[in-house]
Number of protein chains: 2
Amino acid sequence: MPTRVTIKSIARDLGISHMTVSRALSNHPNVQKETREAVLKRAEELGYVRSAAATAMRGDRMRIVGLLLPNIVNEFYARFADTMAMACEEAALHLTIHLTRDDIDAETQALRRLQELQARAVVMVPTPGQSQAGRPHLQAMRVLQLIRERDIGQPVPTVQVDDAGAIRDAVLHLAAAGHRRIGYIGATPALSSGRVRLAAYRTGLAAAGLSEEAPLVITGAPTAETGRAGLHRLLESATATVCGGFEISNGALIALLSAGQRPDGPFGFVGYGDPSFYSWIGAGVSTVSIPVDALAHCAVELLQEDAPAPERHAFTARFVAR
Amino acid sequence: MPTRVTIKSIARDLGISHMTVSRALSNHPNVQKETREAVLKRAEELGYVRSAAATAMRGDRMRIVGLLLPNIVNEFYARFADTMAMACEEAALHLTIHLTRDDIDAETQALRRLQELQARAVVMVPTPGQSQAGRPHLQAMRVLQLIRERDIGQPVPTVQVDDAGAIRDAVLHLAAAGHRRIGYIGATPALSSGRVRLAAYRTGLAAAGLSEEAPLVITGAPTAETGRAGLHRLLESATATVCGGFEISNGALIALLSAGQRPDGPFGFVGYGDPSFYSWIGAGVSTVSIPVDALAHCAVELLQEDAPAPERHAFTARFVAR
DNA sequence: GTGAAAGCGCTAACAT
DNA sequence: ATGTTAGCGCTTTCAC
């Protein structure tokens with residue numbers, strides 16, 4: 001194995017001091033033109049790369065940002081990660097992904113390892129539970145909470161989605177179209193997002209002057225399967241439904257289509273999330289559109305700041321009628 | 001800002017040498033029981049974490065693995081990343097994601113930055129083009145190519161998908177069901193995967209004793225939109241189709257469903273990839289099933305090896321009739 | 001314009 | 001069982 005190319009090895013190679021090499025490589029003015037050029041040329045030839053470890057040892061944090069997500073297959077998280085990865089690339093930051101599966105121990109572990117790395121910052125979707133072990137020491141690492149909020153012993157900025165208005169609007173939209181039996185398929189109220197969305201559905205019903213009928217409210221795991229099963233039941237008992245989750249929405253939509261119905265069809269359908277294909281099924285799928293990219297960009301901007309205020313940044317979802 | 005907790009700060013705190021602290025923390029036998037316990041206790045209290053940078057400076061590479069992908073929204077890449085992230089978590093490796101958008105400069109840049117980090121390894125889907133600039137110096141970093149192969153100046157292991165057999169089987173399956181006008185919707189032959197899959201489709205036609213009809217072969221960008229548009233055309237000119245791409249398949253399937261057709265006929269449909277919902281649409285969607293998890297696990301295993309042989313690891317896709 | 005020294009956090013090697 | 005030294009690659013500080 002060839003020894004590492006360092007400023008010292010280049011210096012020896014050129015018969016000069018390693019300091020001159022350092023200066024040449026970091027554009028310091030006090031280097032003779034020819035010396036600088038010789039250094040740059042040799043560095044290029046040998047494939048020199050500055051050691052991030054050595055830089056970190058001198059006090060700088062690593063140019064690393066951690067991203068803690070429950071998973072990355074979920075459309076929302078994938079899109080979020082995608083946008084964040086691009087933004088990080090632009091800011092010359094490394095984005096490291098840590099999947100928690102919503103397990104607090106995995107989360108704690110990931111945070112700990114990010115500190116070993118001296119990561120600059122971490123964007124996390126906090127796991128629902130409360131830690132039984134002590135809170136991790138966050139030291140100098142910037143923390144930013146996404147989607148959910150949890151007390152981690154210090155105030156941190158959060159980036160949230162406010163979808164209550166959009167869900168209420170969805171119900172009102174269906175009611176205005178004449179629907180009286182409007183169902184809801186969403187995540188279990190055990191999740192805070194599940195609670196909020198269900199409450200928004202109820203607000204919508206009330207605003208439309210409709211009363212809730214228990215059999216029309218279907219909650220379960222936030223999976224496509226829940227959406228599929230839910231829609232099957234609602235096809236018999238309701239005339240329309242609102243979905244409260246990405247996977248659930250996709251599952252329900254596929255079930256609707258495979259039942260031979262169109263999304264703009266007699267059965268009223270409002271999805272959740274806005275993958276591109278929603279816009280070209282039939283006349284388009286009405287949906288609660290989440291501004292994923294805006295969320296991701298906000299997150300990256302906050303990461304760039306020296307001392308981001310521990311504020312709540314809420315992004316409003318929009319009901320899109322199609 | 002509180003100064004960093006280091007072995008030296010703990011040593012001062014305890015009035016002992018930093019070496020004793022180091023030994024205690026790394027389970028070296030030569031430490032008195034009480035001393036060790038005192039150290040561990042204090043370290044825990046202060047939230048000490050070993051500096052990865054310092055460790056890296058001493059010669060160890062960082063416990064970082066880079067993953068270079070065109071994007072992460074694509075179902076296949078998302079699932080691959082998901083599985084890899086879990087496996088890395090288990091192996092105490094950090095997985096850093098770098099999106100190339102199939103741009104060779106982005107790729108080169110990402111590789112360079114991974115070296116600055118002294119990443120242990122990189123799993124990359126090489127971009128199609130050829131680099132005009134010189135090849136990056138890979139130094140001691142292990143490289144593993146995924147899906148595609150490109151000469152990067154040194155032999156490296158590759159993890160590939162062999163889907164030709166499955167695509168041929170798909171055509172034969174449709175032919176056996178009586179279809180004579182079997183279409184194909186796939187990626188442009190500009191991509192190597194596009195070429196291979198199209199060739200497999202042709203092999204299938206030949207094996208079934210059918211001749212190719214140009215209008216039935218639709219290629220384009222590997223997007224859902226290509227699938228949608230393709231299926232619309234084929235609905236008029238063909239009686240069945242095989243898909244050659246994840247996004248294309250999803251797009252075509254949605255188009256099929258929203259045309260009021262069921263995937264189990266009369267129009268013969270074979271998708272590509274096997275997201276969970278394919279199994280519960282109607283009687284199920286026949287598809288070319290790609291063993292994503294096996295690919296990901298193979299990749300992680302190769303990363304663990306000291307000196308993985310530069311072999312080609314091919315995973316065979318299976319045609320699943322449903 | 002260039003160089004020498006020191007120190008960031010850590011551990012292997014060598015004292016004691 | 002514990003302590004001291006040196007050096008990994010780099011930049012800041014202080015000579016020259």
Side-chain angles (χ1 to χ4, degrees), chain A residues 1-40 42-43 46-63 112-113 115-119 137 139-140, chain B residues 1-40 42-43 46-63 112-113 115-119 137 139-140:
Chain A
M1 140 178 158
T3 24
R4 214 172 190 297
V5 182
T6 69
I7 50 171
K8 280 192 186 165
S9 76
I10 295 180
R12 266 196 310 276
D13 190 280
L14 259 43
I16 56 180
S17 141
H18 72 273
M19 264 318 297
T20 306
V21 177
S22 172
R23 282 193 263 257
L25 291 173
S26 39
N27 272 324
H28 191 94
N30 277 3
V31 185
Q32 205 130 30
K33 194 155 170 284
E34 306 123 23
T35 317
R36 157 172 290 118
E37 278 163 8
V39 169
L40 266 64
R42 203 77 191 98
L46 299 172
Y48 167 82
V49 278
R50 164 195 273 92
S51 157
T55 310
M57 280 253 305
R58 306 223 355 105
D60 302 355
R61 311 222 84 190
M62 291 266 192
R63 301 197 62 81
R112 193 198 157 82
R113 299 195 32 238
Q115 313 220 57
E116 291 193 9
L117 273 190
Q118 284 163 266
H137 297 246
Q139 301 197 19
Chain B
M1 143 179 152
T3 25
R4 216 173 186 296
V5 182
T6 70
I7 51 170
K8 280 192 186 165
S9 76
I10 294 181
R12 266 196 310 276
D13 190 281
L14 259 42
I16 57 182
S17 143
H18 71 276
M19 264 317 293
T20 305
V21 177
S22 171
R23 282 193 264 256
L25 290 172
S26 42
N27 271 325
H28 192 94
N30 277 1
V31 184
Q32 204 131 33
K33 195 155 168 285
E34 306 123 24
T35 317
R36 158 172 289 118
E37 279 163 7
V39 169
L40 264 62
R42 203 79 191 97
L46 299 172
Y48 168 82
V49 278
R50 162 195 273 92
S51 157
T55 310
M57 280 254 305
R58 305 215 6 99
D60 303 355
R61 311 223 83 189
M62 290 265 192
R63 300 198 63 81
R112 191 198 157 81
R113 299 197 30 239
Q115 314 221 57
E116 291 192 7
L117 274 190
Q118 283 163 268
H137 297 245
Q139 301 197 16

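Computed from a prediction, not measured in an experiment: that's the story for all the values here. No hydrogens, no waters, no symmetry mates; every other heavy atom, side chains included, goes into these values. In the text below, chain A, chain B and the rest are named by the order of the sequence lines, each starting its count at 1.
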Chemist: Taking C-beta and beyond as the side chain, do R50(A) and S26(A) meet within less than 4.5 Å on heavy atoms?
Modeler: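 Yes, close enough: below the 4.5 Å cut-off.
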Chemist: Heavy atoms, side chains only, cut-off 4.5 Å: are R63(A) and E116(B) in contact?
Modeler: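 No. Closest side-chain heavy atoms not under 4.5 Å.
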Chemist: Could you please name the option among dT5(D), dT2(D), dT2(C) that lies closest to any side-chain atom of N30(B)?
Modeler: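 When the side chain of N30(B) is considered, dT2(D) is the closest of dT5(D), dT2(D), dT2(C).
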Chemist: Rounded to the nearest angstrom, tell me the gap between atom CG in L25(A) and atom C1' in dT12(D).
Modeler: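 The distance from CG of L25(A) to C1' of dT12(D) comes to 17 Å, rounded to the nearest Å.
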Chemist: Does OP1 or OP2 of dT2(C) have a side-chain N or O of T35(A) closer than 4.0 Å?
Modeler: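 True: T35(A) side-chain N/O within range (under 4.0 Å) of dT2(C) OP1/OP2.
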Chemist: Think T20(A) has a side-chain N or O under 4.0 angstrom from the OP1 or OP2 of dG3(C)?
Modeler: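 Looking at the OP1 and OP2 atoms of dG3(C), one of them is under 4.0 Å from a side-chain N or O of T20(A).
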Chemist: I need the NE2-C1' distance between H18(A) and dG9(D), as an integer number of Å.
Modeler: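 Roughly 8 Å, once rounded to whole Å.
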Chemist: So which atom in L25(B) and which in A43(B) form the shortest heavy-atom distance, rounded to 0.1 Å?
Modeler: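 Smallest interatomic distance, heavy atoms only, reads CD2-CB, 4.0 Å.
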Chemist: Could you pull out all residues at least two apart from R113(B) that satisfy side-chain contact (heavy atoms from CB on, under 4.5 Å)?
Modeler: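 Expected list: E89(A), A92(A), H94(A), H98(B), Q109(B).
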Chemist: May I have the distance from Q115(B) (atom CD) to dG9(D) (atom P), rounded to whole angstrom?
Modeler: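 Taking atom P of dG9(D) as the reference, CD of Q115(B) is at 15 Å.
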Chemist: If you compare all heavy atoms of Q118(B) against all heavy atoms of A56(B), which two are closest, and at what distance to 0.1 Å?
Modeler: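 That closest heavy-atom pairing would be NE2-O, 3.8 Å.
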Chemist: Tell me which residues in residues 6-16 of chain B put a heavy atom below 4.0 Å from DNA chain D, sorted by number, or none.
Modeler: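 When residues 6-16 of chain B is checked for heavy atoms under 4.0 Å from DNA chain D, the hits, listed by number, are I16(B).
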Chemist: Atom NE2 of H28(A) and atom P of dG1(C): how far apart are they, to the nearest Å?
Modeler: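 For the pair H28(A) NE2 and dG1(C) P, the rounded distance is 9 Å.
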Chemist: Is R50(A) touching bases, backbone alone, or none of the nucleic acid, heavy atoms closer than 4.0 Å?
Modeler: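 Sugar-phosphate contact only - R50(A) comes under 4.0 Å of backbone atoms but never of a base.
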Chemist: With a 4.0 Å cut-off on heavy atoms, is S26(A) in touch with a base, just the backbone sugar-phosphate, or nothing at all?
Modeler: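 Contact class for S26(A): none.
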Chemist: When you match T55(A) and R36(B) each to their closest nucleotide on DNA chain D, which lands nearer the 5' end?
Modeler: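 Its nucleotide being nearer the 5' end, the pick is R36(B).
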Chemist: With a 4.0 Å limit, can you tell me whether R58(A) has a side-chain N or O closer than that to the phosphate oxygens OP1/OP2 of dA6(C)?
Modeler: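 Indeed not, no polar side-chain atom of R58(A) lies that close.
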Chemist: Picking from dT2(D), dC10(D), dT12(D), which would you name as closest to the side chain of A54(A)?
Modeler: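 Nearest listed nucleotide: dC10(D).
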Chemist: S22(B) side chain N/O closer than 4.0 Å to the phosphate oxygens (OP1, OP2) of dG9(C)?
Modeler: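 So the side chain of S22(B) is outside the cut-off, no N or O lying under 4.0 Å from OP1 or OP2 of dG9(C).
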Chemist: Can you tell me the distance, in whole Å, between the CG atom of N27(B) and the P atom of dA1(D)?
Modeler: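 The distance from CG of N27(B) to P of dA1(D) comes to 14 Å, rounded to the nearest Å.
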Chemist: Which nucleotide in the list dA1(D), dT13(D), dC8(D) gets nearest to the side chain of M57(B)?
Modeler: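 Within the option list, the nearest is dC8(D).
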Chemist: In this structure, how many angstroms lie between the C1' atom of dA12(C) and the CG atom of D60(B), rounded?
Modeler: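 Distance check: D60(B) CG to dA12(C) C1' gives 12 Å.
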Chemist: Just how far, in rounded Å, is P of dG3(D) from CD of Q32(B)?
Modeler: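 Checked: the CD to P distance equals 11 Å.
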Chemist: Go nucleotide by nucleotide along DNA chain D from the 5' end; which of G59(B) and M19(B) gets its closest nucleotide reached first?
Modeler: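 Taking each residue's closest nucleotide, the earlier one in sequence belongs to M19(B).
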Chemist: Is any side-chain heavy atom of Y48(A) closer than 4.5 Å to a side-chain heavy atom of V21(A)?
Modeler: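 Not touching, per the 4.5 Å side-chain cut-off.
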Chemist: Rounded to whole Å, how long is the line connecting atom CE of M62(B) with atom P of dC8(D)?
Modeler: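 Checked: the CE to P distance equals 17 Å.
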Chemist: Which residues pass the side-chain contact (heavy atoms from CB on, under 4.5 Å) test with Q32(B), not counting sequence neighbours?
Modeler: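 Listed in chain order: E34(B), T35(B).
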Chemist: Out of dT2(C), dG3(D), dC10(D), which nucleotide sits closest to the side chain of R23(A)?
Modeler: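 The answer is dT2(C), which lies nearest to the side chain.
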Chemist: Are the side chains of L14(B) and T20(B) in contact, using a 4.5 Å heavy-atom criterion?
Modeler: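 Result no, sub-4.5 Å side-chain heavy-atom pair not found.
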Chemist: From the options dT2(C), dG9(D), dT2(D), select the nucleotide whose nearest atom is closest to the side chain of R4(A).
Modeler: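 Nearest to the side chain of R4(A) among the choices is dG9(D).
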